[in-house]
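Following this message is one structure expressed as structure tokens.
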Amino acid sequence: MAGINKCCEKEPRKTMMHFYSPDSEEGCGKVAISFFMGCPRKHFRANRFRDHCRKVYIGKLLMNYLADKVCTTSSRKHFRANRFGNHSRKNCRKEAFYKPPVPSCVAPSESQSSTLPRITFHQVQVRIKDGSSAQMPCVAQGSPPPNYRWMKEGSNGVLRAVKEDGRIWISQGILNIKIVNRVDDGKYQCIARNSIGERRIESSLIVTAPLAVHLLPPYQVLNIGQEAVLNCNFTGYPVHSVVWKKNQRQLPSSSRLRFLSRDVLHISSISREDRGMYQCFVYNDLEEAQGTAELKITCKDTFLLPKIFNNKYGA
């Protein structure tokens, strides 16, 4: 900090004060504060030696920027004498420097250094109703600013670039899909890339439609020994699981009862124990739906009449 010019001598005059950082390098964060301060003699009370040139403290202006304590030795004229009349004592004071906001002395090569892209925002899962519009965000930071690409995973696990058209387009990393349908459902990858490298994140698009189930035929009357087939027809998606029940109990497979697929039940050589109410339940992570059908078995056994007749007459 520059010294304060001696003031308040025989003639009143103004004092110019300068404050600067001695550690500043040329062209790099050098800051100076200059101002004038009036200093007429009448504003000061003489000390015991009738010396009106007293040290001026600026107060809060510099206290906001206090640095480390610096100890210096100063000449007699800058200090009041102590009680022993010794004018050459060690002066420990706090130097005040203006500290500009960080970074104040960053070389151009450092401030403009290149960095790998870093993805700061995305959504792991986007759920949208069939027929609506979807947005899949992907926001990244890097130097230089990254470019964006979107890939979609096929049924065989192979990634393919998303083709932009009137219904699908990419804007500032956001994948926009207009009038979503079931074909758009699946896993996607966002790729943020610049000259340093790339970063990838995965996001899933789930297209939903209300579930509905119909168990066909809804009513059957069969004879003992015949075969029965029940079809669980459902609409809506996604479908995570299909569960079959009979009279509200889990329906296990057996030698006579087989599931040809998750939505087709086959019963061979039916018996009285097969009659009842059959239910097909369809589930996803948000909802469920069910269909019901009834199977009846007739009491007539046409295959027993010849056997009774033959046994009675010895045939």
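If you read the sequence from its start, that first residue is 1, and numbering goes on from there. What you see below is based on every heavy atom in this structure, not just the backbone, and it leaves out hydrogens, waters and symmetry mates.
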Exercise. Rounded to the nearest 0.5 Å, how far apart are NE2 of His122 and CD of Gln189?
Worked result: 11.0 Å
For this session: Check for a donor-acceptor pair, side chain of Asp185 on one end and backbone N or O of Arg182 on the other, with a separation under 3.5 Å.
Result: no
For this session: Return yes if some donor-acceptor pair links the side-chain N/O of Ser143 with the main-chain N/O of Thr115 below 3.5 Å, else return no.
Result: no
Exercise. If you look only at pairs with a residue in residues 178-230, which of them pass as a disulfide bond (SG atoms under 2.5 Å apart), with sequence neighbours excluded?
Worked result: Cys138-Cys190
Seminar exercise, completed: Scanning both residues in full, the closest heavy-atom pair of Gln279 with Lys246 reads OE1-N, 3.9 Å
Seminar exercise, completed: Value for CD (Gln125) from CD (Glu202), rounded to nearest 0.5 Å, stands at 11.5 Å
Exercise. Short question: side chain of Arg167, backbone of Lys178 - any donor-acceptor pair under 3.5 Å?
Worked result: yes
For this session: Could you tell me whether the side chain of Trp150 and the main chain of Trp169 form a donor-acceptor pair under 3.5 Å?
Result: no
Problem set entry | Contact check, side chains of Lys152 and Leu175, non-hydrogen atoms, under 4.5 Å | no
For this session: Fit a plane to each ring of Phe259 and Trp244, take the angle between them on a 0 to 90° scale, and name the class: parallel (under 30°), tilted (30 to 60°) or perpendicular (over 60°).
Result: tilted
Exercise. Sequence neighbours excluded, which residues qualify as side chain to side chain donor-acceptor pair (under 3.5 Å) partners of Ser261?
Worked result: Asp263
Problem set entry | Euclidean distance, Asp130 CG relative to Thr208 OG1, rounded to 0.5 Å | 8.0 Å
